[in-house]
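The structure under discussion appears below in the form of structure tokens.
Basis for what follows: all heavy atoms, side chains included, without hydrogens, waters or symmetry-related copies.
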Amino acid sequence: MYTGPAGSAKLTDQIHDYNVHVDRNDVFWMTSVRHDAVEVDFDGSRARLLVRGMDVFDDHDLANSLTQGLGLPTPPIPGVFPVRAKVSFDVEWDGVLATAQIENTSQHFKGSFLSTGATIRWSAEQPGFHFQSDTPADPKANLVSVLGREQNGAFFT
């Protein structure tokens, strides 16, 4: 979250950075969700990801997230200790806008992709702060959304 205008990504204007931290395999910004949190009907051009109360950390900004709270000397961003928080989100993809079939045999990759409309409802809670996105979500705020089926590597055949 930023204090500047929507679409601005000036690092020094960031006031919240919610994430799950780096796991023991050095994977970051990824976590598993319950199997029933995901619904996909590729043939119907619909999908949904619904997560409630996921435990995360608010590192304040990207610099502190990537430096484990040490901040940066340039631009000057002070170190900030992470705060425990919870986030919830409901992402819905629906309606075909365009389709694409891609196959690259030299790289062992092929797939069917649907450009769709999408909406996101998102909220965060932590001591002293709560945020909730616009409800209902504005489908016109979506820049691009894609559903896809792909095969690669050993599964390319």
Side-chain angles (χ1 to χ4, degrees), residues 1-40 42 45-98 100 102 107 109 111 113-150 152-153:
M1 299 180 77
Y2 293 82
T3 58
S8 165
K10 187 175 174 190
L11 192 57
T12 55
D13 289 344
Q14 191 173 9
I15 58 172
H16 294 283
D17 186 84
Y18 295 102
N19 64 78
V20 292
H21 283 176
V22 178
D23 73 9
R24 63 180 173 264
N25 297 312
D26 293 333
V27 174
F28 59 97
W29 296 334
M30 305 225 3
T31 191
S32 58
V33 296
R34 293 172 36 136
H35 187 268
D36 62 356
V38 179
E39 298 173 18
V40 179
F42 192 77
S45 310
R46 289 186 303 274
R48 184 177 189 187
L49 172 62
L50 177 62
V51 175
R52 298 280 182 233
M54 177 184 283
D55 290 320
V56 297
F57 294 93
D58 177 6
D59 288 314
H60 186 272
D61 52 64
L62 180 61
N64 279 288
S65 176
L66 295 175
T67 64
Q68 297 179 337
L70 299 176
L72 288 176
T74 307
I77 297 175
V80 175
F81 194 76
V83 174
R84 291 191 178 274
K86 290 189 181 287
V87 295
S88 298
F89 45 92
D90 186 359
V91 185
E92 294 184 77
W93 295 261
D94 193 15
V96 175
L97 303 174
I102 298 172
Q107 302 229 341
F109 177 88
F113 301 91
L114 308 173
S115 176
T116 70
T119 58
I120 301 172
R121 289 177 232 24
W122 191 89
S123 65
E125 296 179 46
Q126 67 191 70
F129 180 76
H130 174 80
F131 174 84
Q132 183 170 324
S133 63
D134 290 340
T135 303
D138 180 3
K140 293 180 187 141
N142 180 38
L143 298 178
V144 65
S145 301
V146 177
L147 295 177
R149 285 183 177 153
E150 57 130 314
N152 64 63

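Residues satisfying the side chain to side chain contact (heavy atoms under 4.5 Å, CB included) test with Gln68, not counting sequence neighbours, are none. With sequence neighbours left out, the salt bridge (charged side-chain N to carboxylate O under 4.0 Å, His left out) criterion links Asp17 to no other residue. Residues satisfying the side chain to side chain contact (heavy atoms under 4.5 Å, CB included) test with Ile102, not counting sequence neighbours, are Phe109, Phe113. Listed by chain and residue number, Asp36 satisfy the salt bridge (charged side-chain N to carboxylate O under 4.0 Å, His left out) test with Arg34 (two or more places apart in sequence, or in another chain). Scored by the salt bridge (charged side-chain N to carboxylate O under 4.0 Å, His left out) test, Arg121 finds Glu92 as partners (sequence neighbours excluded). In this structure, the side chain to side chain contact (heavy atoms under 4.5 Å, CB included) partners of Glu125, at least two apart in sequence or on a different chain, are His130. Not counting sequence neighbours, Phe42 has no partner by the ring pair (Phe, Tyr, Trp, His ring centres under 6.0 Å) test. Under the rule for a side chain to side chain contact (heavy atoms under 4.5 Å, CB included), the partners of Val51 that lie at least two apart in sequence or sit in another chain are Val33, Ala37, Leu49, Met54, Phe89. With sequence neighbours left out, the side-chain hydrogen bond (donor to acceptor under 3.5 Å, both in side chains) criterion links Ser115 to no other residue. For Arg149, there are no side-chain hydrogen bond (donor to acceptor under 3.5 Å, both in side chains) partners two or more places apart in sequence or in a different chain.
At most 12 heavy atoms of other shown residues, nucleotides or ligands fall within 6.0 angstrom of atom CD1 in Ile120. Crowding of Asn152 atom CG: a count of heavy atoms from other residues, nucleotides or ligands under 6.0 Å exceeding 12.
The two residues Ser45 and Leu114 make their nearest non-hydrogen contact at OG-CD1, 3.9 Å. Across all non-hydrogen atoms, the minimal contact from Thr67 to Leu72 is CG2-CD2, 4.2 Å. Of all heavy-atom pairs between Gly79 and Asn64, the closest is CA-OD1, 3.2 Å. Counting all heavy atoms, side chain and backbone alike, Ala63 lies closest to Ile77 at CB-CD1, 3.9 Å. Across all non-hydrogen atoms, the minimal contact from Asn19 to Val56 is O-CB, 3.3 Å. Val87 and Ala124 make their closest contact through CG1-CB, 4.0 Å (heavy atoms, listed as atom of the first residue, atom of the second, distance).
Checked against a 6.0 Å centroid threshold, the rings of Phe131 and His16 do not count as neighbours.
Legend: ring-ring contact (aromatic ring centres under 6.0 Å, His included) pairs involving residues 52-71, not counting sequence neighbours, sorted by first then second residue: His21-Phe57. Residue pairs that meet the salt bridge (charged side-chain N to carboxylate O under 4.0 Å, His left out) test with at least one member in residues 67-89, sequence neighbours left out, are Asp55-Lys86.
Separation of atoms CZ (Arg48) and CH2 (Trp93) is listed at 10.5 Å; rounding is to 0.5 Å. Once rounded to the nearest 0.5 Å, the distance linking OG1 of Thr116 with CZ of Arg46 reads 11.5 Å. One finds the CG atom of Asn142 at 8.5 Å from the OG1 atom of Thr119 (value rounded to the nearest 0.5 Å).
At distances below 3.5 Å, not a single donor-acceptor pair connects side-chain atoms of Ser123 with backbone N or O atoms of Gln132. Panel note: side chain Ser88, backbone Gly53; a donor-acceptor pair is recorded below 3.5 Å.
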